[in-house]
Amino acid sequence: MSETTPAELLALRQSIDNIDAALVHLLAERFKFTQQVGVLKARTGLPASDPDREAVQVARLRALAEESHLDPAFAEKFLNFIVAEVIHHHESLATGTVPVADNS
C-alpha cells in the first residue's frame, strides 16, 4: 500500500480482513460438526444427502438474509456451495475414501 492510502480505507479493509478471518474460523467449526454428521450417517447407513433438510435450510437462510438486508439469492448460492462440499465429504466417508480426522 502506498503512503497515500486514506486511513479510513485502511481501517475499513482491516475490518473486512477481521470478518474474513472470523468466517474462516466459523466455517472450520461448522465442518467439524458436519464431519461428525457424516460419520454418523456412514455408520448408520443414512444417505449423504437430505433434500428435505436442505430445503428447510435454504428457506431459513433466505429469510435470515432478507432480515439482514443481504441478497437472498447470494445467501442461497453460498449455502448450496457449502452443502455440496458437505455432501461430497459424507459420500467419501460412506465409501471409506477419506480418513476420519481425529479431533481429540
- Query: With no hydrogens and no angle check, is any side-chain donor or acceptor of T95 less than 3.5 Å from a backbone partner on S92?
  - Reply: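 Yes, the answer is positive, given that a donor and an acceptor are paired below the 3.5 Å cut-off.
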Give, for atom [atom1] of [X] and atom [atom2] of [Y], the distance between the pair rounded to the nearest 0.5 Å.
X   : Y   : atom1 : atom2 : answer
K32 : E29 : NZ    : CD    : 4.5 Å
T97 : H88 : OG1   : NE2   : 7.0 Å
H90 : K41 : NE2   : NZ    : 5.5 Å

- Message: Checking one residue: L9. Which other hydrophobic residues are in its cluster under the side-chain 4.5 Å linking rule?
- Response: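 Taking Ile, Leu, Val, Met, Phe, Trp and Tyr as members, L9 stands alone, with no cluster partners.
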- Note on the structure: Using a 4.5 Å side-chain heavy-atom cut-off and chaining through intermediate ILVMFWY residues, the residues clustered with I19 come out as L23
Could you pull out every donor-acceptor pair under 3.5 Å between side chains of residues 51-58 and any protein atom, sequence neighbours left out?
from	atom 1	to	atom 2	distance (Å)
R53	NH1	Q57	OE1	3.3
E54	OE2	S49	OG	2.9
E54	OE2	D50	N	3.1
Q57	OE1	R60	NE	3.3

- Pairs where residues 39-84 contributes a residue and the test ring-ring contact (aromatic ring centres under 6.0 Å, His included) is met, not counting sequence neighbours: none
- Query: What pairs with R30 under side chain to side chain contact (heavy atoms under 4.5 Å, CB included), at least two apart in sequence or on another chain?
  - Reply: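 For R30 the side chain to side chain contact (heavy atoms under 4.5 Å, CB included) partners, ignoring immediate neighbours, are T34, L79, I82, V86.
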- T44: side chain to side chain contact (heavy atoms under 4.5 Å, CB included) partners, not counting sequence neighbours: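 Only L40, L46 meet the side chain to side chain contact (heavy atoms under 4.5 Å, CB included) criterion with T44.
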- Query: Is there side-chain contact between D20 and V24, with at least one heavy-atom pair below 4.5 Å?
  - Reply: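 No, side chains not in contact.
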- Query: What heavy-atom pair brings A94 and A42 nearest, and what distance separates the two atoms?
  - Reply: CA-CB, 3.9 Å
